[in-house]
Trainee: 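Structure incoming, see below.
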Amino acid sequence: MSNRYNLPDDKLKLIHERDRKCVYCGKAMIDPKEGGEKRNWVTIEHMHRFEPWSDPKWVAYCCMHCNSSRGKLRLRDWFYGRYCKENQINETTVADIVKRYLKEEISILQTN
């Protein structure tokens with residue numbers, strides 16, 4: 001394992017192939033090993049806030065800027081914040097994986 005979340009390398013590779021751009025803002029990201037601006041570094045994003053995070057179903061790649069802006073906020077709550085408003089990030093502009101997560105999150109809340 002090459003990460004602190006115990007995500008297998010083969011799963012990370014699949015996520016990387018799917019998420020070529022930040023799943024939130026859509027910008028190209030760079031590997032931290034390349035240097036560059038930290039805000040553009042690729043980071044592992046957990047769309048849900050609860051462990052275990054080793055299940056890659058709701059794991060994505062996003063830029064450090066979006067990830068640090070969101071912090072521990074629920075995804076839907078984050079969309080109402082200043083960062084998302086300034087960067088025009090919302091439920092309709094995000095990547096498909098995020099849209100799928102949001103749909104499933106709604107159905108889970110409705111059944112509980």
Side-chain angles (χ1 to χ4, degrees):
M1 306 292 162
S2 62
N3 59 78
R4 64 182 177 181
Y5 305 109
N6 295 321
L7 289 163
D9 289 337
D10 61 327
K11 299 294 184 191
L12 284 175
K13 183 180 179 188
L14 292 173
I15 294 166
H16 177 71
E17 289 170 3
R18 181 194 67 211
D19 303 338
R20 295 289 184 175
K21 295 181 178 181
C22 175
V23 296
Y24 298 127
C25 70
K27 75 177 168 188
M29 301 171 291
I30 56 174
D31 188 308
K33 296 173 192 165
E34 295 176 23
E37 288 188 53
K38 191 173 182 178
R39 64 190 286 142
N40 297 326
W41 288 1
V42 63
T43 62
I44 295 174
E45 169 68 338
H46 303 91
M47 288 177 265
H48 63 80
R49 299 176 297 148
F50 310 104
E51 294 187 38
W53 289 320
S54 57
D55 179 0
K57 182 175 182 181
W58 300 123
V59 173
Y61 280 137
C62 73
C63 69
M64 175 74 81
H65 201 209
C66 286
N67 201 339
S68 62
S69 166
R70 180 176 171 214
K72 294 184 179 186
L73 289 173
R74 244 183 88 225
L75 191 51
R76 289 181 193 282
D77 295 336
W78 179 59
F79 289 145
Y80 293 106
R82 186 173 125 193
Y83 177 85
C84 286
K85 288 179 182 177
E86 288 176 356
N87 291 285
Q88 300 177 341
I89 299 169
N90 59 58
E91 294 180 33
T92 62
T93 63
V94 294
D96 287 342
I97 185 67
V98 181
K99 291 175 185 174
R100 283 195 298 277
Y101 169 78
L102 291 168
K103 282 183 184 179
E104 186 159 319
E105 180 187 49
I106 289 171
S107 66
I108 290 169
L109 292 174
Q110 289 174 341
T111 58
N112 290 330

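Bear in mind that the values here come from a model prediction, so they are computed numbers and not experimental data.
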Trainee: State which residues pass side-chain hydrogen bond (donor to acceptor under 3.5 Å, both in side chains) with R39; sequence neighbours excluded, sorted by chain then number.
Mentor: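 Counting only residues at least two positions away or on another chain, R39 forms a side-chain hydrogen bond (donor to acceptor under 3.5 Å, both in side chains) with H65.
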Trainee: Who passes side-chain hydrogen bond (donor to acceptor under 3.5 Å, both in side chains) against W41, sequence neighbours left out?
Mentor: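 Here no residue qualifies.
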Trainee: Counting heavy atoms not belonging to E86, are there more than 12 under 6.0 Å from its CD?
Mentor: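 It does: E86 CD has more than 12 such atoms within range.
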Trainee: Using the salt bridge (charged side-chain N to carboxylate O under 4.0 Å, His left out) criterion, which residues pair with E34? Sequence neighbours excluded.
Mentor: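 Listed in chain order: nothing, the list is empty.
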Trainee: Any donor and acceptor pair, going by atom type alone, linking the side chain of D31 with main-chain N or O of K33 inside 3.5 Å?
Mentor: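 Confirmed, D31 side chain pairs with K33 backbone.
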Trainee: Flag yes if M29 and M64 sit in one hydrophobic cluster, no otherwise; membership is Ile, Leu, Val, Met, Phe, Trp, Tyr, and two members link when side-chain heavy atoms are under 4.5 Å apart.
Mentor: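 Different clusters.
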Trainee: What pairs with N67 under side chain to side chain contact (heavy atoms under 4.5 Å, CB included), at least two apart in sequence or on another chain?
Mentor: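 Listed in chain order: T43, E45, C62.
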Trainee: Treating R70 as the side-chain partner and L73 as the backbone partner, does any N or O pair qualify as donor plus acceptor under 3.5 Å?
Mentor: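 Yes, R70 side chain to L73 backbone: donor-acceptor pair under 3.5 Å.
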Trainee: If every non-hydrogen atom of G36 is compared with every non-hydrogen atom of I30, which pair is closest and at what distance?
Mentor: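 Closest heavy-atom pair between G36 and I30: CA-CD1, 3.8 Å.
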Trainee: Kindly indicate, with the supporting measurements, whether the criterion side chain to side chain contact (heavy atoms under 4.5 Å, CB included) is fulfilled by T93 and Q88.
Mentor: CA-CA 8 Å; T93 63; Q88 300 177 341; 5.6 Å; no
Trainee: Got a sec, which residues hit side-chain hydrogen bond (donor to acceptor under 3.5 Å, both in side chains) with N40, two or more places apart in sequence or on another chain?
Mentor: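 N40 satisfies side-chain hydrogen bond (donor to acceptor under 3.5 Å, both in side chains) with K27 once adjacent residues are dropped.
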Trainee: How many angstroms lie between CZ in R82 and OG in S69, if you round to the nearest 0.5 Å?
Mentor: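 Nearest 0.5 Å value for the CZ-OG distance: 10.0 Å.
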Trainee: Carefully, step by step, assess V23 and V94 under the rule side chain to side chain contact (heavy atoms under 4.5 Å, CB included).
Mentor: CA-CA 6 Å; V23 296; V94 294; over 6 Å; no
Trainee: Check the pair I89 / C25 against side chain to side chain contact (heavy atoms under 4.5 Å, CB included), numbers first and verdict last.
Mentor: CA-CA 6 Å; I89 299 169; C25 70; 3.9 Å; yes
Trainee: Backbone N or O of W58 within a donor-acceptor pair of the R100 side chain at under 3.5 Å?
Mentor: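 Looks like no, no N/O pair under 3.5 Å.
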Trainee: In the structure I gave you, are the side-chain heavy atoms of E104 and K57 within less than 4.5 Å of one another anywhere?
Mentor: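 Yes; the side chains approach each other to less than 4.5 Å.
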Trainee: Would you indicate whether the side-chain heavy atoms of D19 and I97 approach each other to under 4.5 Å?
Mentor: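 When only atoms from C-beta onward are counted, D19 and I97 do touch, with a gap below 4.5 Å.
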Trainee: Taking all atoms of both residues into account, what is the closest heavy-atom pair of C22 and C63, and its distance?
Mentor: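 Heavy atoms only, the tightest pair is SG-N, 3.3 Å.
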Trainee: If hydrophobic clusters are built from ILVMFWY residues whose side chains come within less than 4.5 Å, do I44 and V42 share one?
Mentor: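 Yes, it is one cluster - the side chains of I44 and V42 are joined through contacts under 4.5 Å.
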Trainee: Could you list the residues that satisfy side chain to side chain contact (heavy atoms under 4.5 Å, CB included) with K11, not counting sequence neighbours?
Mentor: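 Once residues adjacent in sequence are excluded, the partners of K11 under the side chain to side chain contact (heavy atoms under 4.5 Å, CB included) criterion are P8, P56.
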Trainee: Find out whether L75 and Y101 are in side-chain contact, i.e. whether some heavy atom of one side chain is under 4.5 Å from a heavy atom of the other.
Mentor: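 Yes, their side chains come closer than 4.5 Å.
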Trainee: In terms of ring plane angle, is the pair Y24 and W78 parallel, tilted or perpendicular, where the classes change at 30° and 60°?
Mentor: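 Rings of Y24 and W78: perpendicular, as their planes differ by over 60°.
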Trainee: Among all residues two or more places apart in sequence or in another chain, which pass the side-chain hydrogen bond (donor to acceptor under 3.5 Å, both in side chains) test with N90?
Mentor: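 With sequence neighbours excluded, N90 shows a side-chain hydrogen bond (donor to acceptor under 3.5 Å, both in side chains) to T92, given in chain and number order.
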Trainee: Which residues pass the side chain to side chain contact (heavy atoms under 4.5 Å, CB included) test with E17, not counting sequence neighbours?
Mentor: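 Listed in chain order: K13, L14, R20.
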Trainee: Taking all non-hydrogen atoms of both residues, which atom of L102 and which atom of E91 are closest, and how far apart?
Mentor: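 Nearest heavy atoms, L102 then E91: CD1-CG, 3.7 Å.
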